[in-house]
2 protein chains.
Amino acid sequence: MTTVDPAPRRRMRADARRNYERLLAEAATIFAEHGVEASLEEIARRAGVANGTLYSHFPTRQALLEALLRDRMQALSDKARDLLDHPSADEALLIWARAAMAHTTVYRGLVTSLMRSIEDETSHLHAACQAVLTAGEQLLNRAQAAGGMRADVTASDLYALINSVSWVGEQTSPAQGERLLAFGIDGMRSATDSR
Amino acid sequence: MTTVDPAPRRRMRADARRNYERLLAEAATIFAEHGVEASLEEIARRAGVANGTLYSHFPTRQALLEALLRDRMQALSDKARDLLDHPSADEALLIWARAAMAHTTVYRGLVTSLMRSIEDETSHLHAACQAVLTAGEQLLNRAQAAGGMRADVTASDLYALINSVSWVGEQTSPAQGERLLAFGIDGMRSATDSR
DNA sequence: TTGCTAAGTTGAGGCTGTCTCAATATATTT
DNA sequence: AAATATATTGAGACAGCCTCAACTTAGCAA
């Protein structure tokens with residue numbers, strides 16, 4: 001409901017807009033290189049502005065992350081919607097789970113923020129995470145209706161699974177993350193399922 | 001093989017021993033309160049010594065953690081050995097996995113250190129983690145021989161699973177962690193198994 | 001064009017934390 | 001009671017977070 005405006009209330013001054021964009025661009029680069037705990041001072045430095053400017057645009061690290069991820073998270077929710085048309089409900093869920101995993105691991109350390117944000121309603125990322133969870137829930141429900149997934153699996157279980165395997169992928173190797181995802185999903189399948 | 005001496009090479013001076021113990025005790029308290037990223041200065045302060053003393057006893061945070069966990073990790077390895085006598089191989093594995101999870105969540109943030117340490121051979125905790133992994137492997141192998149677990153599951157898979165569900169437990173709730181553990185183990189079971 | 005003002009930027013400064021090392025102190029040995 | 005090996009100390013160098021009073025500038029209106 002009360003999502004933050006992507007384009008702020010009143011139009012920004014030209015220089016402000018420029019700095020805002022520049023900060024986002026540098027943040028993307030630096031987070032990709034050093035993870036989401038990278039120095040904010042460094043980002044400001046590389047963007048050619050004083051740290052105060054960074055803080056005025058993005059009061060917290062979360063706010064910066066939120067701005068950086070907005071589009072990507074929207075895309076992930078959209079993708080879930082699209083996959084509702086996929087012929088196999090089970091396969092659709094697996095495809096989406098992998099996509100979610102890929103999204104969650106773009107920046108090192110991101111998964112922890114995303115996991116925290118679903119719990120913490122005051123988080124800048126909360127709404128976006130909630131949307132992703134709900135999107136996943138649609139796919140899950142369809143798979144359950146089709147009989148492929150156990151009825152007692154919740155959207156929270158799915159969200160937690162995706163995040164936990166993303167965390168593993170980040171800590172060890174993407175392949176290890178993928179393996180755990182496969183085991184986890186298998187464990188959530190209905191007993192009648194073979195394999 | 002080349003484990004670090006629990007009681008250092010030559011006997012410590014009395015005052016050194018006293019400070020060492022004091023630091024460990026305070027670290028246990030403070031890590032329990034604030035997680036493993038708690039301030040080392042604070043630990044030194046509460047132990048009534050200068051920070052240099054802390055650093056001289058424990059050159060890194062990992063070293064401190066290692067000293068703090070040594071006994072507990074040994075106990076976990078021992079427990080695996082004991083459980084090899086349990087009548088049900090499957091049940092033994094599950095019991096141990098839960099114990100491992102409990103161990104892994106004594107301090108907030110610990111799970112990340114433990115996961116890093118299995119990968120990083122230079123880590124102070126590496127040997128202890130390796131021992132735990134090997135201990136788990138025994139239980140896993142027995143369960144596989146008994147036909148309860150898929151043959152393609154590795155000790156690394158098991159280690160990763162335990163850590164990932166511990167991480168979830170830490171981020172959300174222990175109950176959520178438990179749920180994921182159940183799903184994960186189920187996914188690792190042989191197809192012939194019911195449920 | 002010029003001046004006005006709201007909007008935006010600056011960067012020093014306070015804070016916490018990590019880690020080091022020369023000077024100092026003390027336990028133990030002889 | 002030295003002598004010596006062993007420990008402890010704490011200031012200091014550095015980095016990062018965040019704030020805010022002083023300053024600068026874009027954009028508008030006269």
Side-chain angles (χ1 to χ4, degrees), chain A residues 5 7-27 29-31 33-68 107-109 112-113 116 122-124, chain B residues 5 7-27 29-31 33-68 107-109 112-113 116 122-124:
Chain A
D5 308 335
R9 255 158 204 27
R10 309 189 98 271
R11 218 161 101 269
M12 286 168 106
R13 236 169 64 172
D15 55 345
R17 172 109 256 158
R18 214 165 33 235
N19 288 335
Y20 180 92
E21 301 295 356
R22 189 79 200 281
L23 282 165
L24 273 187
E26 292 301 331
T29 305
I30 293 177
F31 283 169
E33 263 178 60
H34 303 295
V36 299
E37 299 301 337
S39 162
L40 297 181
E41 301 244 305
E42 175 71 9
I43 292 171
R45 221 175 293 136
R46 292 257 283 263
V49 301
N51 58 4
T53 300
L54 187 153
Y55 284 104
S56 96
H57 284 295
F58 309 103
T60 66
R61 188 182 295 271
Q62 287 269 313
L64 176 53
L65 221 35
E66 197 269 337
L68 212 48
Y107 306 132
R108 194 153 26 87
T112 305
S113 288
R116 237 200 306 278
T122 71
S123 160
H124 283 254
Chain B
D5 308 332
R9 252 159 207 26
R10 308 191 96 269
R11 220 161 98 268
M12 286 168 105
R13 236 169 66 172
D15 55 346
R17 174 109 255 157
R18 212 163 36 234
N19 287 334
Y20 180 92
E21 302 295 357
R22 189 80 200 281
L23 282 165
L24 274 187
E26 292 301 331
T29 305
I30 293 177
F31 283 170
E33 262 176 60
H34 303 295
V36 299
E37 300 301 336
S39 162
L40 297 180
E41 300 243 304
E42 174 71 9
I43 292 171
R45 221 175 293 136
R46 291 255 284 262
V49 301
N51 58 5
T53 300
L54 187 154
Y55 284 104
S56 97
H57 283 295
F58 309 103
T60 66
R61 188 181 296 271
Q62 288 269 311
L64 176 54
L65 220 36
E66 195 269 337
L68 212 47
Y107 305 132
R108 195 153 25 88
T112 305
S113 287
R116 238 201 305 279
T122 71
S123 161
H124 284 255

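Since the structure is predicted, the reported quantities are computational estimates derived from the model, not experimental observations. In what follows, chains carry the letters A, B, and so on, assigned in the order in which the sequence lines appear, proteins first and then strands, with residues in each chain numbered from 1.
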Check: A:Arg61 side chain, A:Ala38 main-chain N or O, donor-acceptor pair, under 3.5 Å: yes

Within this structure, what is the CZ-to-P distance between B:Arg11 and D:dT6, rounded to whole angstrom? 13 Å

Would you confirm whether A:Arg18, through its side chain, and A:Arg13, through its main-chain N or O, come within 3.5 Å as a donor-acceptor pair? no

Exactly one candidate in B:Leu40, B:Thr53, B:Leu64, B:Ile43 meets side-chain contact (heavy atoms from CB on, under 4.5 Å) with B:Phe58; the answer is B:Leu64

Please give, in whole Å, the distance from C:dT26 C1' to B:Arg18 CZ? 10 Å

Just how far, in rounded Å, is P of D:dC18 from CG of A:Leu54? 10 Å

Tell me which nucleotide among D:dA11, D:dC17, D:dT8 gets nearest to the side chain of A:Ser39. D:dC17

Could you check which of C:dT18, D:dC18, C:dG11 has an atom nearest any side-chain atom of A:Leu40? D:dC18

If you assign each of B:Arg61 and A:His57 to its closest nucleotide in DNA chain C, which residue comes earlier from the 5' end? A:His57

With nearest nucleotides of DNA chain D determined for A:Gly52 and A:Glu37 from heavy-atom distances, which residue corresponds to the more 5′ nucleotide? A:Glu37

Compare side-chain N and O positions of B:Arg17 against OP1 and OP2 of C:dA27 and report whether any pair is under 4.0 Å apart. no

Where each residue is assigned the nucleotide of DNA chain D containing its nearest heavy atom, which of A:Ala14 and B:Gly48 is assigned the position nearer the 5′ end? B:Gly48

In whole angstrom, what separates B:Tyr55's OH from D:dA11's P? 16 Å

Could you tell me how far apart B:Ile43 (CD1) and C:dG17 (C1') are, to the nearest whole angstrom? 12 Å

Does any N or O donor sit under 3.5 Å from an N or O acceptor when you compare the side chain of B:Arg13 with the base of C:dA27? no

Report the distance from atom CG of A:Leu64 to atom P of D:dC18, rounded to the nearest whole Å. 11 Å

The side chain of B:Thr53 lies closest to which of these nucleotides: C:dG8, D:dG27, D:dT8? D:dT8

Which nucleotide in the set C:dG17, C:dT20, D:dT19 lies at the smallest distance from any side-chain heavy atom of B:Asn51? C:dT20

Rounded interatomic separation in angstrom, taking OH from A:Tyr20 and P from C:dA7: 18 Å

D:dT8 OP1/OP2 closer than 4.0 Å to side-chain N/O of B:Asn19: yes

Measuring from atom NE2 of B:His57 to atom CD of B:Glu21, what distance do you get when rounded to the nearest 0.5 angstrom? 9.5 Å

Of B:Asp15 and B:Glu41, the one whose closest DNA chain C nucleotide lies more 5': B:Glu41

Within this structure, what is the CD1-to-P distance between A:Ile30 and D:dG16, rounded to whole angstrom? 11 Å

I need the A:Glu37 CD to A:Ser113 OG distance, nearest 0.5 Å. 6.5 Å

